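Everything numeric in this text was worked out from a predicted model, so none of it was measured. Reckoned from all heavy atoms, side chains included, excluding hydrogens, waters and symmetry mates.
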Amino acid sequence: MLAQVGNLAVPPRVLMITADDTPETLLRAVRGQADRFITKPFAPDAILEVIDDVLKAPPAAALPIKVVSARPDWVELVAPCSLRVADRIQGFMMRLEADLPEDVRESVGQAFRELLSNAVEWGGKLDPTRTVRISCLRARRMLLYRITDPRRGFRHRAPGALGDQQPRRQPAPARLRP
């Protein structure tokens, strides 16, 4: 059904509601451009909140996410530099299973969100015509993320060189006050 809806001239925003919370189903939803993925059971108030959030979101939130790989152990996405799209990706990525304790999983989720936001905001300048590439490799008790933004990045300098290229100065001698 997502494939048919995706072929429309102006695809609608789609909330996928399912009892099947397997990684394969989640990744099919991402590939089908679902806006959100919700598993049953859920509280009625929660679904209303999600619907309200999706309806209030700007058009940039619905920009397509290109799926390069949608295997449960390797997910790779290319997405427009939009914070709303980053929110969608965050929601999808945190739903993937990981054999990690909940507190570690939450910490990893926060770090992922910060890295993705920085790539979109600073690397992509919030320009939805630019893209970021997100790769996630999953193994038993491990998540490895790689996020690439459209900027060139940092240049490596000769050993001992400082990033500001200022000449080195001797520190001023300490003065004691009387």
Least distance between heavy atoms, [X] atom then [Y] atom:
X: V67; Y: R31; result: CG2-CA, 3.5 Å
X: G123; Y: P150; result: O-CG, 3.4 Å
X: C81; Y: G124; result: SG-CA, 3.4 Å
X: P80; Y: P128; result: CB-O, 3.4 Å
X: R88; Y: A34; result: NH2-O, 3.4 Å
X: V54; Y: R13; result: O-NH1, 3.4 Å

Non-hydrogen side-chain atoms of [X] and [Y] separated by less than 4.5 Å:
X: L126; Y: V120; result: yes
X: V75; Y: L27; result: yes
X: D35; Y: V14; result: no
X: R138; Y: R71; result: no

Run the salt bridge (charged side-chain N to carboxylate O under 4.0 Å, His left out) test on D149 and R151 for me, step by step, so that the C-alpha distance in whole Å, both residues' side-chain angles and the decisive distance to 0.1 Å come before the verdict. CA-CA 6 Å; D149 66 44; R151 293 199 35 189; 5.8 Å; no
From [atom1] ([X]) to [atom2] ([Y]), nearest 0.5 Å:
X: C136; Y: R146; atom1: SG; atom2: CZ; value: 13.5 Å
X: D45; Y: D52; atom1: CG; atom2: CG; value: 12.0 Å
X: Q110; Y: L115; atom1: CD; atom2: CG; value: 12.0 Å
X: I38; Y: M16; atom1: CD1; atom2: CE; value: 11.0 Å
X: I89; Y: I134; atom1: CD1; atom2: CD1; value: 4.0 Å
X: T131; Y: I65; atom1: OG1; atom2: CD1; value: 12.5 Å

With sequence neighbours left out, what residues match F42 under ring-ring contact (aromatic ring centres under 6.0 Å, His included)? none
Return the set of residues passing ring-ring contact (aromatic ring centres under 6.0 Å, His included) with F37 (not counting sequence neighbours), or none when no residue passes. none
Does CD belonging to E49 count more than 12 external heavy atoms closer than 6.0 Å? no
Cluster overlap M94 with V132, hydrophobic side-chain contacts below 4.5 Å: yes
According to a 4.5 Å side-chain heavy-atom criterion applied to Ile, Leu, Val, Met, Phe, Trp and Tyr, with indirect links allowed, do L77 and L83 form part of one hydrophobic cluster?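 In one cluster with L77: L83, yes.
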Listed partners of D103 passing salt bridge (Lys or Arg N to Asp or Glu O under 4.0 Å), at least two apart: none
Identify, with sequence neighbours excluded, every residue that meets salt bridge (Lys or Arg N to Asp or Glu O under 4.0 Å) alongside D20.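 Partners of D20 by the salt bridge (Lys or Arg N to Asp or Glu O under 4.0 Å) criterion come out as none, since no residue qualifies.
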Supply the members, apart from W122, of the Ile/Leu/Val/Met/Phe/Trp/Tyr cluster built from side-chain contacts under 4.5 Å; use none for a lone residue.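 The other cluster members (ILVMFWY side chains, heavy atoms under 4.5 Å, direct or chained): none.
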Checking R130 now: which residues fulfil side-chain hydrogen bond (donor to acceptor under 3.5 Å, both in side chains) with it, not counting sequence neighbours?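 With sequence neighbours excluded, R130 shows a side-chain hydrogen bond (donor to acceptor under 3.5 Å, both in side chains) to no residue whatsoever.
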Output, in order, the C-alpha distance, side-chain angles, deciding distance and verdict of salt bridge (charged side-chain N to carboxylate O under 4.0 Å, His left out) for R84 and D53. CA-CA 11 Å; R84 286 298 199 143; D53 185 44; 3.5 Å; yes
Please test K40 against D21 for side chain to side chain contact (heavy atoms under 4.5 Å, CB included), starting from the C-alpha separation and ending with a verdict. CA-CA 9 Å; K40 297 176 185 176; D21 64 350; over 6 Å; no
Run the salt-bridge test on K125 and D127 with the 4.0 Å N-O cut-off and return the result as yes or no.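 The answer is no: the pair does not qualify as a salt bridge.
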Begin with the C-alpha distance, continue with both residues' side-chain angles, and end with the deciding distance and a verdict on side chain to side chain contact (heavy atoms under 4.5 Å, CB included) for V68 and R133. CA-CA 9 Å; V68 177; R133 180 177 289 263; 3.7 Å; yes
Verify side chain to side chain contact (heavy atoms under 4.5 Å, CB included) between Y145 and V108, making sure each step is shown before the conclusion. CA-CA 10 Å; Y145 291 106; V108 168; 3.7 Å; yes
